[in-house]
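Worksheet: the structure to be examined is printed underneath.
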Amino acid sequence: MFDNLSRRLSTTFDRLRGRTHLTEDMLDSAFSDIRTALLEADVALPVVKQILAEIRTQAIGEKIVENVRPHEMITKIVYDSLVKMLGGDAAELDLSNKPSVILMSGLQGTGKTTTAGKLALYLRDKKNKRVLLASTDIYRPMAREQLTILGNSINIDVLDIIESEKPSEIAKRAIKVGADYDVVIIDTAGRLQIDEKLMTEIIELKKITKPDNVLLTVDAMAGQESVAVARAFHEALNITGIILTRADGDARGGAALSMRIVSGAPILFTGIGEKINDIEQFYPDRLASRILGMGDVVTLVEKAQENLDEKETERLVGRFMDGKFDLDDMLKQIKQMKRLGSLGGLLKLIPGIGKMAGELKDKVNDKTILHQEAMLLSMTPNERKNPSIIFAARKQRIARGSGTSVSDVEKLLKNFEKMQSVMKQMQSMGGMQNMMKMAQDMQKQATENGDMPPEYMLGKK
Ligand code: GDP
């Protein structure tokens with residue numbers, strides 16, 4: 001859905017590749033590109049202005065982080081702005097009541113009935129809910145039969161059809177019968193366009209059913225037009241959530257961005273096909289990543305910003321080079337690594353090494369590191385400064401204190417001894433290259449043993 005927008009934005013970011021500093025001029029030209037990209041994606045002009053204002057505010061507030069390049073920084077800023085404009089955290093249906101009532105609204109042909117069925121299946125299979133479906137659409141021939149057939153095909157109960165009933169009577173009955181269910185989904189009549197009668201009827205249905213959720217289905221393919229529809233429905237019904245259908249099509253996607261901003265209601269789900277399970281929960285951050293096509297970079301920048309204490313790493317490497325690296329430093333290094341997030345998770349973010357990350361994670365898993373930390377924490381400061389005093393009784397105490405075994409403690413100490421010999425050799429041989437070569441050899445060996453590779457202790461990411 002967002003292919004074009006995504007392509008345009010990556011061209012913008014690519015232009016900044018290779019630059020080392022982010023200047024005012026660069027920002028201005030990036031903004032103008034982003035504006036064009038958004039307009040081409042069918043985002044409404046007032047919405048484009050809002051998005052750009054948001055990006056600008058973020059860009060001004062954002063400190064330029066060392067080691068982050070301009071194109072990465074801009075990607076991150078645009079990403080943050082998009083996520084914020086799309087509603088921040090993923091929104092959820094309100095299912096706290098028994099039964100929770102969901103009132104479906106929307107124009108005819110936007111996928112309302114299909115979505116009611118999809119939701120019923122989703123709630124049963126993913127949320128373990130007993131669901132009753134009901135249709136108040138007495139106008140469109142076979143509308144209620146369509147819902148019954150749909151319900152039967154997935155084994156979901158559907159309120160039986162009583163020919164003479166009016167929509168308000170059907171709604172009352174649905175609530176009565178629905179008392180035994182966890183969720184009651186009420187499908188309503190649609191129109192080709194918004195009209196008085198439709199609105200009056202659905203407002204009445206809302207009064208009768210007192211829904212916990214008033215959902216609006218909008219067709220992503222309808223573009224700008226659907227934004228006006230969303231606004232009208234929202235004014236009449238105060239909708240609690242939007243379901244964007246036909247997100248599988250090649251809609252330019254602007255509607256999705258505009259919709260949330262114009263109506264203020266969160267997008268809860270996207271319909272991604274005609275099949276009954278073609279429904280996905282909507283995550284603002286995932287969509288923003290997809291639009292930018294560079295979610296990985298964004299997360300890396302975030303991690304770098306939040307956590308990476310370059311100075312500390314430098315200090316630790318310095319201690320290593322001077323032969324002064326002790327178990328206290330090792331503990332600090334582990335803490336720093338932990339802040340960087342789970343090892344496997346971090347490695348997976350780097351494009352192209354996801355698979356390798358999985359393999360490495362099997363060998364050097366996060367648990368090893370946590371155990372190492374626990375053991376180091378169970379030592380006294382004196383023991384960390386002078387590991388040579390750690391004899392049998394102390395080893396036992398450390399193992400007990402950290403929930404590990406004596407042989408784990410011994411392994412850690414042996415690893416540290418190896419590091420010390422590397423430090424010594426390095427000092428005698430001098431030079432970073434030698435050190436790296438040795439570290440690589442050690443890493444190879446340690447990885448084969450399933451130990452933590454010294455690479456991490458050296459402060460390499
Ligand atoms: P209603 O009039 O709003 O109740 O719309 P329907 O539920 O009858 O759906 C109209 C058409 O849109 C049907 O052919 C559906 O299969 C199709 N449809 C609904 N949702 C989606 C979707 O997410 N993707 C695609 N490709 N088609 C959909």
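Because the structure is predicted, anything quoted here is derived from the model rather than measured. In each ligand, atom 1 is the first atom listed, and ligand 1 is the first ligand listed.
A salt bridge links E92 with K127: at least one charged nitrogen is closer than 4.0 Å to a carboxylate oxygen. Ion pairing between D182 and R124 fails under the 4.0 Å rule for side-chain N and carboxylate O. In summary, K118 and E280 do not engage in a salt bridge, as defined by a charged side-chain N under 4.0 Å from a carboxylate O.
Closest to atom 7 (O) of ligand 1, if we only count protein heavy atoms, is T114 OG1, 2.4 Å. With respect to atom 3 (O) of ligand 1, the closest heavy atom belonging to the protein is K112 N, 2.7 Å. Considering only non-hydrogen protein atoms, atom 26 (N) of ligand 1 sits nearest to D248 OD2, 2.8 Å. Scanning the protein for heavy atoms near atom 8 (O) of ligand 1, the closest one is Q146 NE2, 3.3 Å. Nearest to atom 17 (C) of ligand 1 among the protein's heavy atoms is R246 NH2, 3.8 Å. Among protein heavy atoms, atom 2 (O) of ligand 1 sits closest to G109 N, 2.7 Å.
Of the listed residues (G111, G273, G271), the one carrying the non-hydrogen atom nearest atom 21 (C) of ligand 1 is G273. Between M104, K118, E274, it is E274 that holds the heavy atom closest to atom 14 (O) of ligand 1.
Side chains of N97 and D212: a donor-acceptor N/O pair is present below 3.5 angstrom, by distance only. Defined by atom type and a distance below 3.5 Å, a donor-acceptor pair is missing between the side-chain atoms of N277 and Y122. Looking only at atom types and distance, the side chain of T217 has a donor-acceptor partner in the side chain of T110 under 3.5 Å away. In the model, S135 has no side-chain atom that pairs as donor or acceptor with a side-chain atom of D137 under 3.5 Å.
Using 4.0 Å as the threshold, D278 has no heavy atom nearer than that to any atom of ligand 1.
Residue-to-ligand polar distances keep T115 apart from ligand 1: every N/O pair is separated by 3.5 Å or more. In terms of N/O distances under 3.5 Å, ligand 1 is not approached by T245.
For the pair I242 and P266, the minimum side-chain heavy-atom distance is 4.5 Å or more. D408 has its side chain within reach of M375: a pair of non-hydrogen atoms, C-beta onward, lies under 4.5 Å apart.
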Exercise. Before giving the answer on side-chain hydrogen bond (donor to acceptor under 3.5 Å, both in side chains), spell out for Y283 and D89 the whole-Å C-alpha distance, their side-chain angles and the decisive distance to 0.1 Å.
Key: CA-CA 7 Å; Y283 295 95; D89 292 333; over 6 Å; no
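Interface atoms of ligand 1 facing T113, defined by a heavy-atom separation under 4.0 Å, are 1 (P), 4 (O), 7 (O). The atoms of ligand 1 that sit less than 4.0 Å from any heavy atom of I272 are 23 (O). Interface of L107 with ligand 1, defined as ligand atoms under 4.0 Å from a residue heavy atom, comprises 3 (O). Ligand 1 places these atoms under 4.0 Å from at least one heavy atom of Q108: 2 (O).
With a 4.0 Å heavy-atom cut-off, ligand 1 is reached by no atom of T270. With a heavy-atom cut-off of 4.0 Å, I279 does not touch ligand 1 at all.
Contact record, M259 with A230: SD-CB, 3.5 Å, taken as the closest heavy-atom pair.
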